[in-house]
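Predicted model, so just to flag it, every value in this text is computed and none were measured. Chain naming here is simple, since letters A, B, ... match the order of the sequence lines and numbering starts at 1 in each.
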Protein chains: 2
Amino acid sequence: MCENCNYTTILKTAGVDATANRVSVLETIGNNNYPLTAMDIYHVVERTLSINRVTVYRILDLLVAKNILERLSSGGRTAYFGMAPNENHLPHPHFYCTSCGRMDCLNSESVRINTEQLQKTFPGKIENIAIRVDGICTNCLKEKAH
Amino acid sequence: MCENCNYTTILKTAGVDATANRVSVLETIGNNNYPLTAMDIYHVVERTLSINRVTVYRILDLLVAKNILERLSSGGRTAYFGMAPNENHLPHPHFYCTSCGRMDCLNSESVRINTEQLQKTFPGKIENIAIRVDGICTNCLKEKAH
DNA sequence: AATAGTAATGCAATTGTGTTGCATTAGAAT
DNA sequence: ATTCTAATGCAACACAATTGCATTACTATT
């Protein structure tokens with residue numbers, strides 16, 4: 001997905017060791033143009049690296065805490081992970097296909113929220129705004145049609 | 001919360017039997033001014049009714065399918081349930097306190113999305129747009145302050 | 001009222017995702 | 001080499017939610 005991102009550098013800049021496991025987890029997510037579940041990531045990484053399931057979860061937690069990754073919630077019980085917004089990646093809403101479970105990135109202009117405006121109407125402290133569009137993706141629409 | 005809602009009527013209109021369990025589950029949610037988890041609901045209902053945990057889950061599934069209730073996702077693994085948008089209840093975003101897990105309803109004007117506009121930019125079929133504002137609620141801010 | 005058929009519910013077991021505790025290994029610093 | 005810390009593995013656990021199957025409640029028909 002992103003030729004501007006050097007994953008090892010990203011990790012080091014965040015102050016964490018760039019271990020093979022971490023680079024591979026981050027690469028898997030960064031090279032994919034839609035968010036993945038922990039299990040998706042695990043299956044991709046273990047093809048080359050002999051990594052433990054738990055390690056994947058721990059790496060994901062770490063990278064979310066370091067604000068390198070973003071944890072997205074589907075309608076269901078599984079979290080999806082994508083690159084966190086940064087200079088190269090603007091914050092954007094996501095599309096979740098309720099039929100096949102695939103999560104997609106939508107383009108940033110399609111929805112616009114004025115956080116400062118919202119903050120004025122609300123006394124709590126706003127940290128993040130998650131926008132998820134649910135529906136049926138084109139693939140699933142096709143399959144239903146036949 | 002809502003004096004305009006007769007829960008028995010709502011159920012019958014949707015074409016499902018208005019059993020004591022279903023009325024009680026729906027009442028519990030409708031009388032509350034913020035969304036609740038399945039377990040919250042279970043604990044309220046069982047105080048008067050001797051109901052099984054599984055029955056609560058099944059009733060919730062049914063009422064979501066009938067579009068009477070809305071399933072909301074927090075950042076975490078637990079779903080929250082509130083009244084689905086209808087004539088009396090406009091669609092609105094929610095605030096989720098990442099510190100205490102409490103979910104709140106925000107007022108509809110605070111965020112505005114043009115669904116038709118969005119649909120034009122996107123080939124899939126849009127069924128719902130979920131907006132969740134994450135942050136720290138006033139209660140938790142106070143507690144942290146002392 | 002008895003019977004049969006269907007819908008709703010209960011209970012036990014299971015699933016899926018994620019977490020914790022503790023042992024082991026790898027890597028860095030001395 | 002030795003020591004220290006960080007990263008990882010493995011097994012067990014936690015929790016929300018679901019499934020399969022038995023039981024009960026309800027409705028319609030005779």
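Side-chain nitrogen and oxygen atoms of A:T19 include none within less than 4.0 Å of the OP1 or OP2 phosphate oxygen of D:dA7. For the OP1/OP2 pair of D:dC10 and a distance below 4.0 Å, the side-chain nitrogens and oxygens of A:N52 include at least one atom meeting the criterion.
B:Y42 places its OH atom 13 Å from the C1' atom of C:dT9, with the value rounded to the nearest Å. In this structure, B:L60 atom CG and D:dA16 atom P are separated by 14 Å, rounded to whole Å. Atom-to-atom, CG of A:L62 to C1' of D:dT8 comes out at 13 Å; the value is rounded to the nearest Å. In this entry the distance linking CG of B:L72 with C1' of D:dA16 reads 16 Å, nearest Å. The separation between B:I51 atom CD1 and D:dT24 atom C1' is 15 Å, rounded to whole Å. Rounded to whole angstrom, the span from the CD1 atom of A:I59 across to the P atom of D:dA6 amounts to 16 Å. Spacing between atom CZ of A:R22 and atom C1' of D:dG9 amounts to 15 Å, rounded to whole angstrom units. Atom CG in B:N21 sits roughly 17 Å away from atom P in C:dA7 (whole-Å rounding).
In this model, no donor atom of one side chain and acceptor atom of the other lie less than 3.5 Å apart for B:T55 and B:N52. Using a 3.5 Å distance cut-off with no hydrogens or angles, the side chains of A:N21 and A:S24 do not pair a donor with an acceptor. No side-chain N or O of A:T78 forms a donor-acceptor pair with one of B:R77 less than 3.5 Å apart.
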With 3.5 Å as the limit, what N/O pairs link the protein to nucleotides 13-20 of chain C?
| from | atom 1 | to | atom 2 | distance (Å) |
| --- | --- | --- | --- | --- |
| C:dG18 | OP1 | A:A79 | N | 2.9 |
| C:dG18 | OP2 | A:Y57 | OH | 3.1 |
| C:dG18 | N7 | A:R53 | NH1 | 3.0 |
| C:dG18 | O6 | A:R53 | NH2 | 3.3 |
| C:dT19 | O4 | A:R53 | NH2 | 3.4 |

Show me the protein contacts with nucleotides 25-30 of chain C, counting only N or O atoms at under 3.5 Å.
none

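Minimum interatomic distance between A:P35 and A:G82 (heavy atoms only, all atoms of both residues): CB-N, 4.3 Å. Nearest heavy-atom pair across B:T138 and A:G124 is CG2-N, 3.9 Å. Closest approach of A:V23 and A:A18 over heavy atoms only: CG2-O, 3.9 Å. Closest approach of A:Y42 to A:R53, counting heavy atoms only: CE1-N, 3.5 Å. Residues B:I126 and B:I129 come closest through the heavy atom pair CG2-CG1, 4.2 Å.
Between A:F122 and B:L106, some side-chain heavy-atom pair lies under the 4.5 Å cut-off.
Each end of the helix from C:dA1-D:dT30 to C:dT30-D:dA1 gets its own axis, taken as the rotation carrying the C1' atoms of four end pairs onto the next four within a five-pair window, and the two axes meet at 10° to the nearest 10 degrees.
If you take CD on A:E127 and OG on B:S99, they are separated by 9.5 Å, rounding to the nearest 0.5 Å.
Between B:D61 and B:R71 there is a salt bridge, since a side-chain N of the basic residue sits under 4.0 Å from a carboxylate O of the acidic one.
Looking at heavy-atom distances under 4.0 Å, B:S50 makes contact with sugar-phosphate atoms alone, never a base.
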